[in-house]
Amino acid sequence: MKYSVPFRIIVKDPIAGVAMKVQKGKDKLLEPLMANGNELTFEFEVTVDTAGEAPNFLGPFAQGPKSARFIYVNTGKQAGQDGTMWDRRAKLSLMSISKERVESVLASKGGRFETVINGTGRDGGPVCATIKGLEWKVVKQ
């Protein structure tokens, strides 16, 4: 069975003046739903097929092969911003989300998956590459 599951990504302390957007498909970008100086919030839905032993994440926000799906958070040029030196993408793996956790979100009224990442990387620039220790929590909307 295929279900539409809500997701939220919160980016804490993004770098001022540097665009961040979630990649949708190959070349579209999702603007933040909410942005202030300290935080960006993205909300979207991912189709999840629960027919197999492990969930299969589908749709325009799920990137990569079936065995290694992830979501991209693009920064600077990758986020469509001209005139910036930054050209990065951060990978947020979906592979830690079990079928049981998907079923938990589906069973809860108003539930969603949420993660919080730091917008600044260890080098002082925008966060990039695969985010280590990423945790997708089940929360109420």
Side-chain angles (χ1 to χ4, degrees), residues 1-36 38-141:
M1 297 284 288
K2 293 181 183 175
Y3 301 95
S4 186
V5 178
F7 277 73
R8 178 184 295 137
I9 298 171
I10 299 171
V11 181
K12 296 281 190 183
D13 300 320
I15 296 176
V18 180
M20 292 186 92
K21 299 178 183 175
V22 171
Q23 185 170 321
K24 182 179 182 183
K26 293 190 185 288
D27 57 5
K28 292 187 170 103
L29 298 166
L30 176 68
E31 298 280 343
L33 177 68
M34 186 203 73
N36 64 40
N38 301 321
E39 189 173 286
L40 301 173
T41 302
F42 298 94
E43 292 185 355
F44 52 93
E45 294 192 350
V46 175
T47 302
V48 183
D49 186 348
T50 60
E53 285 184 31
N56 184 15
F57 299 94
L58 306 166
F61 293 104
Q63 309 289 333
K66 180 180 177 178
S67 62
R69 295 265 202 253
F70 57 88
I71 295 168
Y72 271 135
V73 177
N74 296 1
T75 305
K77 292 177 185 172
Q78 292 286 332
Q81 183 180 17
D82 293 327
T84 181
M85 64 184 254
W86 301 111
D87 189 16
R88 295 182 168 184
R89 295 194 292 191
K91 247 185 194 182
L92 285 64
S93 176
L94 297 169
M95 301 318 294
S96 65
I97 301 174
S98 68
K99 182 176 178 176
E100 291 75 25
R101 294 195 60 223
V102 170
E103 291 169 348
S104 171
V105 167
L106 294 171
S108 69
K109 219 172 203 175
R112 71 172 59 240
F113 285 109
E114 179 181 282
T115 194
V116 178
I117 65 169
N118 192 326
T120 304
R122 286 184 286 197
D123 66 354
V127 65
C128 63
T130 300
I131 305 296
K132 305 283 187 222
L134 183 74
E135 183 181 355
W136 290 101
K137 295 181 181 179
V138 176
V139 299
K140 293 285 186 185
Q141 290 185 25

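Pairing each heavy atom of I15 with each of G125, the nearest pair is CD1-C, 3.2 Å. When all heavy atoms of P55 and I97 are compared, the pair lying nearest together is CG-O, 3.3 Å. Between K77 and T84, the shortest heavy-atom contact is CE-O, 2.8 Å. In this structure, A19 and A79 approach most closely via the heavy-atom pair O-CB, 3.7 Å. The nearest pair of heavy atoms linking V73 to M20 is CG1-CE, 3.9 Å. In terms of heavy-atom proximity, L106 sits nearest to S4 at CD2-O, 4.4 Å.
Remark: side-chain polar atoms of R112 are not paired, donor with acceptor, to backbone N or O of V139 under 3.5 angstrom. A donor-acceptor contact shorter than 3.5 Å links the side chain of W136 to the backbone of S93. Remark: the backbone N or O of K2 is not paired with any side-chain donor or acceptor of T47 at under 3.5 angstrom. Looking only at distances, a side-chain donor or acceptor of R88 sits under 3.5 Å from a matching main-chain atom of P126.
Residues passing the salt bridge (charged side-chain N to carboxylate O under 4.0 Å, His left out) test with K12 are E39, sequence neighbours excluded. Every residue two or more places apart in sequence or in another chain that forms a side chain to side chain contact (heavy atoms under 4.5 Å, CB included) with M1 is listed here: Y3, T50. Residues satisfying the side chain to side chain contact (heavy atoms under 4.5 Å, CB included) criterion with Q23, sequence neighbours excluded, are Q63, Y72, N74, R89.
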Apply side chain to side chain contact (heavy atoms under 4.5 Å, CB included) to the pair I71 and I9, showing each step before the final yes or no. CA-CA 10 Å; I71 295 168; I9 298 171; 4.0 Å; yes
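For the atom pair CD1 of I117 and CG of D13, the computed distance is 11.5 Å after rounding to the nearest 0.5 Å. One finds the CD atom of E45 at 12.0 Å from the CZ atom of R8 (value rounded to the nearest 0.5 Å). A distance of 9.0 Å separates NZ in K99 from CG in D49, rounded to the nearest 0.5 Å. A distance of 6.5 Å separates OG of S67 from CE of M95, quoted to the nearest 0.5 Å. Interatomic distance, CD of Q78 versus CG of L29, reported as 9.0 Å (0.5 Å rounding). Between E43 atom CD and I10 atom CD1 the span is 8.5 Å, to the nearest 0.5 Å.
Side-chain atoms of V11 and F42, non-hydrogen and from C-beta on, do get closer than 4.5 Å to each other. Contact annotation: the side chain of T130 never approaches that of F70 to less than 4.5 Å [non-hydrogen atoms, C-beta and beyond]. V127 is not listed as a side-chain neighbour of N118, based on a closest heavy-atom distance of 4.5 Å or more. Residues Q81 and T75 are not in side-chain contact: their nearest non-hydrogen atoms beyond the backbone lie 4.5 Å or more apart. Taking 4.5 Å as the limit, every side-chain heavy atom of L94 sits out of range of all side-chain heavy atoms of F113. Using a 4.5 Å heavy-atom cutoff, the side chains of F44 and L33 are not in contact.
The 12-atom threshold is exceeded at NZ of K140, counting heavy atoms of other residues, nucleotides or ligands nearer than 6.0 Å. Annotation: D82, atom CG; neighbour count of heavy atoms from other residues, nucleotides and ligands within 6.0 Å does not exceed 12.
We find that E114 and K137 are not joined by a salt bridge, their nearest charged nitrogen and carboxylate oxygen being 4.0 Å or further apart.
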